[in-house]
Amino acid sequence: MKEKDCIFCKIANGEIPSATIYEDLNFRVILDLSPASRGHALILPKNHFADLCSLDERTAEKVLSVAAKIGAAMKKSLNCSGFNVVQNNGTAAGQTVFHFHVHVIPRYDNGPVMVAWEPGKASAEELAEVANQIKGELQ
């Protein structure tokens, strides 16, 4: 299913041209127009899902294997040292297009710092409280 006005639906289904690097029945992988690094790609499902929480199981089962395939090809073809697999959910997490997508970002030695955070500290009591809150929603 496609959303009529979703830009990523239109790209994933070939209605809008893109620099496509991979395509199968479920996904189109394109190069990002605003790359974080050379070769930055987006994995776009051809069906519309707003975010990870709305993703169907079939698509969820397949997306990481596509990410691994793309990342391995990047390492060989672009000589990057590694890659990040990033998926943002919600505005607070940096999601700007509300069509589930996964970023595969090549990382190069001595390249810019990306996807990093300063480790915080949490007490055993705080960890137990947060764990109980989350577990309560999973039952």
Side-chain angles (χ1 to χ4, degrees):
M1 99 189 133
K2 292 190 310 182
E3 290 284 316
K4 185 176 89 165
D5 295 323
C6 175
I7 187 85
F8 279 3
C9 281
K10 291 176 181 179
I11 294 169
N13 289 285
E15 296 171 38
I16 294 175
S18 62
T20 299
I21 60 173
Y22 174 82
E23 183 175 10
D24 63 23
L25 291 173
N26 302 295
F27 302 97
R28 180 181 298 258
V29 182
I30 65 168
L31 293 180
D32 195 312
L33 290 175
S34 301
S37 70
R38 183 173 180 269
H40 179 165
L42 301 176
I43 302 171
L44 308 176
K46 292 184 178 178
N47 288 326
H48 183 83
F49 305 96
D51 59 22
L52 180 65
C53 297
S54 64
L55 202 59
D56 69 15
E57 285 188 31
R58 192 182 99 209
T59 304
E61 289 171 354
K62 295 178 179 182
V63 72
L64 277 183
S65 64
V66 173
K69 180 183 292 193
I70 299 303
M74 287 173 168
K75 288 176 74 173
K76 288 180 181 176
S77 63
L78 302 176
N79 296 314
C80 58
S81 314
F83 59 94
N84 289 107
V85 176
V86 179
Q87 202 285 308
N88 303 323
N89 288 276
T91 304
Q95 185 177 9
T96 58
V97 178
F98 291 86
H99 177 111
F100 172 85
H101 58 286
V102 174
H103 298 258
V104 183
I105 306 170
R107 299 298 298 272
Y108 300 93
D109 289 335
N110 303 312
V113 175
M114 294 180 262
V115 193
W117 59 86
E118 192 69 35
K121 294 184 180 189
S123 67
E125 294 80 16
E126 182 181 2
L127 292 174
E129 178 185 339
V130 172
N132 286 331
Q133 285 177 293
I134 296 169
K135 282 195 252 182
E137 289 299 320
L138 294 172
Q139 298 169 353

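Predicted, not measured: the structure shown is a model, and the values here were computed from it.
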Mind listing the side-chain donor-acceptor pairs of residues 88-95 below 3.5 Å, one per line with the distance, residues two or more places apart or on another chain?
{"residue": "Asn89", "atom": "OD1", "partner": "Leu52", "partner atom": "N", "Å": "2.8"}
{"residue": "Asn89", "atom": "ND2", "partner": "Gln87", "partner atom": "OE1", "Å": "2.4"}
{"residue": "Gln95", "atom": "OE1", "partner": "Gly90", "partner atom": "N", "Å": "2.7"}
{"residue": "Gln95", "atom": "NE2", "partner": "Ala50", "partner atom": "O", "Å": "2.8"}
{"residue": "Gln95", "atom": "NE2", "partner": "Val97", "partner atom": "O", "Å": "3.1"}

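Under the rule for a salt bridge (charged side-chain N to carboxylate O under 4.0 Å, His left out), Glu125 has no partner lying at least two apart in sequence or in another chain. Ser18 meets the side chain to side chain donor-acceptor pair (under 3.5 Å) test with Thr20; sequence neighbours excluded. Looking at residues two or more places apart in sequence or on another chain, you find a salt bridge (charged side-chain N to carboxylate O under 4.0 Å, His left out) between Arg28 and Glu23.
Side-chain contact check for Lys4 versus Cys9: every heavy-atom pair is 4.5 Å or farther apart. A 4.5 Å side-chain heavy-atom check between Ile70 and Ile21 finds at least one atom pair inside the cut-off. In this structure, Phe100 and Pro45 have side chains that are in contact, with non-hydrogen atoms separated by less than 4.5 Å. Asp24 places a side-chain heavy atom less than 4.5 Å from the side chain of Val66. A heavy-atom distance below 4.5 Å is not found between the side chains of Glu137 and Gln133.
No more than 12 heavy atoms of other residues, nucleotides or ligands shown are found within 6.0 angstrom of CG on Leu33.
The hydrophobic cluster containing Phe83 also contains Tyr22, counting ILVMFWY residues as joined when their side-chain heavy atoms lie under 4.5 angstrom apart, directly or transitively. Put simply, Val102 and Met74 are part of the same group of oily side chains (I, L, V, M, F, W, Y) that touch within less than 4.5 Å, one to the next. Note on Ile16 and Phe98: separate hydrophobic clusters, where clusters join Ile, Leu, Val, Met, Phe, Trp and Tyr whose side-chain heavy atoms are under 4.5 Å apart, directly or indirectly. Each of Leu55 and Ile11 belongs to its own hydrophobic cluster when Ile, Leu, Val, Met, Phe, Trp and Tyr are linked at side-chain heavy-atom distances under 4.5 angstrom.
Closest of all the heavy-atom pairs between Pro35 and Asp32 is CD-O, 3.5 Å. For the residue pair Lys62 and Ser65, the shortest heavy atom distance occurs at O-OG, 2.8 Å. The heavy-atom pair separating Leu78 from Pro106 by the smallest distance is CD1-CG, 4.1 Å. Minimum heavy-atom separation, Gly39 to Leu31: O-CD2, 3.6 Å.
Note on residues 72-82: pairs passing side-chain hydrogen bond (donor to acceptor under 3.5 Å, both in side chains), not counting sequence neighbours, are Ser81-Asp109.
Of the residues Leu42, Asn47, Leu44, Val63, the one that meets the side-chain contact (heavy atoms from CB on, under 4.5 Å) test with Phe27 is Val63.
For Tyr108 (side chain) and Arg38 (main-chain N/O), a donor-acceptor pair under 3.5 Å exists by modelled atom type. Checked by atom type and distance alone, the side chain of Asn13 never pairs as donor or acceptor with a backbone atom of Glu15 at under 3.5 Å. Listed for the Ser37 side chain is no donor-acceptor partner under 3.5 Å among the backbone atoms of Arg107. Between the side chain of His103 and the backbone N or O of Asn84, no donor-acceptor pair lies under 3.5 Å. Judged by distance alone, with hydrogens and angles left aside, the side-chain atoms of Asn132 form no donor-acceptor pair with the main-chain N or O of Lys135 at under 3.5 Å.
Note that NE2 of His48 and SG of Cys6 are 5.0 Å apart. Values are rounded to the nearest 0.5 Å. Expressed to the nearest 0.5 Å, how far CG of Leu64 lies from NZ of Lys69 amounts to 13.5 Å.
Its side chain within the 4.5 Å cluster rule, Val130 clusters with Ile134, Leu138 among the Ile, Leu, Val, Met, Phe, Trp and Tyr residues.
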